[in-house]
2 protein chains.
Amino acid sequence: MSDIKTRENAVVTVEDEVRQGIELLFYAYRDFTAEPDAMLARYNFGRAHHRVIYFVGRHPQMSVSELLGILRITKQSLARVLGQLIRQGFITQNANRADRRQRLLSLTTQGIELERQLSENQRQRIQRAFEEAGPQAVEGFRRVMTNVISGETDRVRFRRGRR
Amino acid sequence: MSDIKTRENAVVTVEDEVRQGIELLFYAYRDFTAEPDAMLARYNFGRAHHRVIYFVGRHPQMSVSELLGILRITKQSLARVLGQLIRQGFITQNANRADRRQRLLSLTTQGIELERQLSENQRQRIQRAFEEAGPQAVEGFRRVMTNVISGETDRVRFRRGRR
DNA sequence: GTTTTTATGTCAGACATGTTGACATATTTT
DNA sequence: AAAATATGTCAACATGTCTGACATAAAAAC
């Protein structure tokens with residue numbers, strides 16, 4: 001009744017599909033983060049440093065509160081990681097001239113290089129996954145993943161043709 | 001040349017597609033884990049407890065080394081989490097009669113109930129995401145996510161019609 | 001039947017990531 | 001002038017992970 005029949009005539013229940021979806025997220029995320037984590041360990045950094053470097057690289061001149069809004073962690077949690085990255089010369093801060101309370105964050109040359117190294121493996125992994133699956137599958141992936149995201153604010157980041 | 005043209009005639013480069021794929025994984029995983037994490041905090045448990053409860057529930061009578069192989073953490077890391085779950089009556093151990101070195105793990109009635117509560121939100125989230133995206137998108141999601149996974153051993157878990 | 005390997009457990013110490021709570025400072029808005 | 005905002009900082013704590021070392025029981029290999 002609510003079963004799905006595949007080409008091979010196997011029967012997959014909705015529960016099975018959903019359970020597999022949950023597990024796909026676990027396994028994919030586990031493998032997606034494994035290699036950058038190993039590289040970060042050599043700098044005595046963790047995954048949190050990668051996330052900060054990634055998003056600052058993606059949105060140069062972003063404010064601390066914007067970054068907090070994306071990461072969904074407390075400012076105290078961010079402070080330690082961000083402080084290390086600033087002290088070690090991967091990120092710079094400069095006051096927003098329009099609102100001098102804000103500290104705008106950007107990657108230094110060194111930060112750009114680290115970001116590139118860290119994310120290269122992930123970029124290759126995703127690009128290969130996309131190529132092997134084909135454009136139609138990529139569109140399906142995008143639709144499903146966007147629906148998994150909670151808020152409209154974040155979903156709009158992934159409307160087609162957006163950058 | 002290597003650009004992709006959407007129906008709206010917007011141009012999306014391969015780099016953009018890949019970058020969005022990376023970010024989709026971040027945002028989706030962040031929101032996928034947020035609610036169970038909040039529930040776990042009420043038990044003084046963390047995400048690691050959820051993963052253990054989930055996979056033991058999924059594979060009753062599994063051995064400790066099987067579980068370690070899925071989670072990809074060290075036995076010392078698992079020991080704390082697993083020990084708490086056993087002491088607090090969510091998981092039981094019993095020696096494998098065929099190989100008495102092995103401790104086979106299963107959920108207790110209490111463990112089954114906790115698993116159900118924790119995963120209910122995730123099941124709903126994925127089911128809704130699948131329904132809104134449609135069966136073709138789900139198939140694309142499955143194909144892409146399977147390709148993101150590193151090893152063939154784990155990939156075969158997601159062949160169609162498999163359980 | 002002794003030796004080696006395997007499965008598991010445990011202790012200790014370290015570090016990264018996250019939390020709450022409290023308070024400080026500079027700047028902008030009201 | 002007062003209130004709100006953006007950011008920073010100190011302290012204490014829980015959790016998750018790691019490496020390294022050592023222990024025990026049982027199975028497998030010789």
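So that the names make sense, note that chain A is the first sequence line, chain B the second, and so on, each numbered from 1.
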Peer 1: For A:A98 and B:Q102, find the nucleotide of DNA chain C closest to each by heavy atoms; which residue's nucleotide sits nearer the 5' end?
Peer 2: B:Q102
Peer 1: Can you tell me the distance, in whole Å, between the CD1 atom of A:I91 and the C1' atom of D:dT7?
Peer 2: 15 Å
Peer 1: Measuring from the side chain of A:Q93 (C-beta onward, heavy atoms only), which nucleotide among D:dT7, D:dT17, D:dG8 has the closest atom?
Peer 2: D:dG8
Peer 1: Is the phosphate of D:dG16, meaning OP1 or OP2, less than 4.0 Å from a side-chain N or O of B:H49?
Peer 2: yes
Peer 1: Can you confirm if the aromatic rings of B:F55 and A:F26 lie within a centre distance of less than 6.0 Å?
Peer 2: yes
Peer 1: Which nucleotide in the list D:dT9, C:dG9, C:dT28 gets nearest to the side chain of A:D99?
Peer 2: C:dT28
Peer 1: Once hydrogens and angles are ignored, does a donor-acceptor distance under 3.5 Å link the base of D:dT5 to the side chain of A:R101?
Peer 2: yes
Peer 1: Grab the NE2-P distance between A:H50 and C:dT17 for me, whole Å please.
Peer 2: 13 Å
Peer 1: In whole angstrom, what separates B:L78's CG from D:dT19's P?
Peer 2: 15 Å
Peer 1: Could A:R58 and A:E115 be called an ion pair, given the rule that one side-chain N must be under 4.0 Å from one carboxylate O?
Peer 2: no
Peer 1: Among B:Q124, B:Q122, B:Q117, which residue satisfies the side-chain hydrogen bond (donor to acceptor under 3.5 Å, both in side chains) criterion with B:E120?
Peer 2: B:Q124
Peer 1: Going by side chain to side chain contact (heavy atoms under 4.5 Å, CB included), name the residues that satisfy it together with A:A133, two or more places apart in sequence or in a different chain.
Peer 2: A:A137, B:R143, B:V144, B:N147
Peer 1: Mind calculating the distance between CZ (A:R97) and C1' (C:dT27) to the nearest angstrom?
Peer 2: 17 Å
Peer 1: May I have the distance from B:L71 (atom CG) to D:dC18 (atom P), rounded to whole angstrom?
Peer 2: 10 Å
Peer 1: Starting from the C-alpha separation in whole Å, work towards a yes-or-no answer on ring-ring contact (aromatic ring centres under 6.0 Å, His included) for A:Y29 and B:F32.
Peer 2: CA-CA 11 Å; A:Y29 201 77; B:F32 176 69; 9.6 Å; no
Peer 1: To the nearest Å, how far apart are A:L68 CG and D:dG8 P?
Peer 2: 9 Å
Peer 1: Nearest whole Å is fine: how far is C:dA16 P from A:M39 CE?
Peer 2: 17 Å
Peer 1: Please determine whether a side-chain nitrogen or oxygen atom of A:S65 lies at a distance below 4.0 Å from atom OP1 or OP2 of D:dT5.
Peer 2: no
Peer 1: Measure from the side chain of A:R51, starting at C-beta and using heavy atoms only, and say which of C:dT8, D:dT17, C:dT17 lies closest.
Peer 2: C:dT17
Peer 1: Any side-chain heavy atom of B:E17 within less than 4.5 Å of one from A:R142?
Peer 2: yes
Peer 1: With respect to the phosphate group of D:dC18, does any side-chain polar atom (N or O) of B:T74 fall under 4.0 Å of OP1 or OP2?
Peer 2: yes
Peer 1: If we fit an axis to the first five pairs and another to the last five of the helix from C:dG1-D:dC30 to C:dT30-D:dA1, what angle do they make, to the nearest 10°?
Peer 2: 30°
Peer 1: Please examine the side chains of A:L114 and A:H49, heavy atoms only from C-beta on, and report whether any two atoms are closer than 4.5 Å.
Peer 2: no
Peer 1: Could you check how far CG of B:D37 sits from C1' of D:dA14, rounded to whole Å?
Peer 2: 14 Å
Peer 1: Could you check A:R72 against A:R100 and say which one's nearest nucleotide on DNA chain C is further toward the 5' end?
Peer 2: A:R72
Peer 1: Between the base of D:dG20 and the side chain of B:Q76, is one N or O donor paired with an acceptor at under 3.5 angstrom?
Peer 2: yes
Peer 1: By the definition side-chain hydrogen bond (donor to acceptor under 3.5 Å, both in side chains), identify the one residue from A:E131, A:R125, A:R123 that meets it with A:Q127.
Peer 2: A:E131
Peer 1: Is a donor-acceptor contact shorter than 3.5 angstrom present between the side chain of A:R103 and the base of D:dG8?
Peer 2: no
Peer 1: So, under a plain 3.5 Å distance rule, would you say the side chain of B:R80 forms a donor-acceptor pair with the base of D:dT15?
Peer 2: no
